[in-house]
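Take a look at the structure set out below.
Only heavy atoms go into these numbers, but all of them, side chains included; no hydrogens, no water, no symmetry mates. What you are looking at is a predicted structure, and each value in this text was computed from that prediction instead of being measured.
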Amino acid sequence: MVKNLERTLIQNSMSKIGIIGMGNMGAAMKEALEGKFDVCGCDKGDDLVECVESSDIVILAVKPQDFSSLKLEIGSRLVISIMAGVSLD
């Protein structure tokens, strides 16, 4: 999964990635992408707005039950979600 993501990002010249949720999956993705891309990771209590606003791509790696409590304005950024069973509509 990370290799396909890397290929897509490189092809689209997107370099700043914000990962919301630094649990097991979010931390693993951050570790895999660091060094190849500019990655910021944030978790509860961090400045989510700053992380999102400074990113070309936002990866949502929060638990599905925590998603509704996020108050984020994503705008026109590419959003990648790893949450099962949650629609972003």
Side-chain angles (χ1 to χ4, degrees):
M1 178 172 101
V2 171
K3 291 292 182 194
N4 290 336
L5 176 59
E6 287 177 13
R7 186 177 17 253
T8 300
L9 299 177
I10 290 169
Q11 289 171 348
N12 293 302
S13 301
M14 296 177 163
S15 59
K16 178 69 177 192
I17 302 169
I19 301 174
I20 309 298
M22 294 309 298
N24 292 333
M25 292 296 291
M29 293 182 82
K30 182 178 183 212
E31 183 179 323
L33 294 170
E34 280 181 324
K36 299 171 186 141
F37 301 97
D38 186 7
V39 181
C40 72
C42 51
D43 213 351
K44 293 177 186 174
D46 294 338
D47 189 351
L48 303 179
V49 173
E50 181 181 330
C51 184
V52 169
E53 288 180 353
S54 67
S55 300
D56 300 312
I57 299 164
V58 176
I59 299 175
L60 295 175
V62 297
K63 293 178 181 174
Q65 62 268 26
D66 294 337
F67 175 68
S68 63
S69 67
L70 289 178
K71 305 294 184 214
L72 295 174
E73 184 64 39
I74 302 293
S76 62
R77 290 164 185 80
L78 173 63
V79 177
I80 300 169
S81 170
I82 65 167
M83 296 180 295
V86 176
S87 172
L88 299 179
D89 293 333

(request) Using the test salt bridge (Lys or Arg N to Asp or Glu O under 4.0 Å), find all partners of Glu34 that sit at least two apart in sequence or belong to another chain. (result) Lys30

(request) Looking only at non-hydrogen atoms, find the nearest pair between Asp43 and Gly21 and report the distance. (result) OD1-CA, 4.0 Å

(message) With a 4.5 Å cut-off on side-chain heavy atoms, are Leu78 and Asp56 touching?
(response) no

(request) Report yes if the side chains of Asp46 and Met22 come closer than 4.5 Å at any heavy-atom pair, otherwise no. (result) no

(request) Mind checking the CD1-OG spacing from Ile20 to Ser81? Nearest 0.5 Å is all I need. (result) 11.5 Å

(request) Identify which one of Ile17, Val39, Asn24, Ile19 satisfies the side-chain contact (heavy atoms from CB on, under 4.5 Å) criterion when paired with Met29. (result) Ile19

(message) List the residues meeting salt bridge (Lys or Arg N to Asp or Glu O under 4.0 Å) with Asp47, not counting sequence neighbours, and say none if there are none.
(response) none

(message) To the closest 0.5 Å, what do you measure between CD (Glu50) and SG (Cys40)?
(response) 8.0 Å

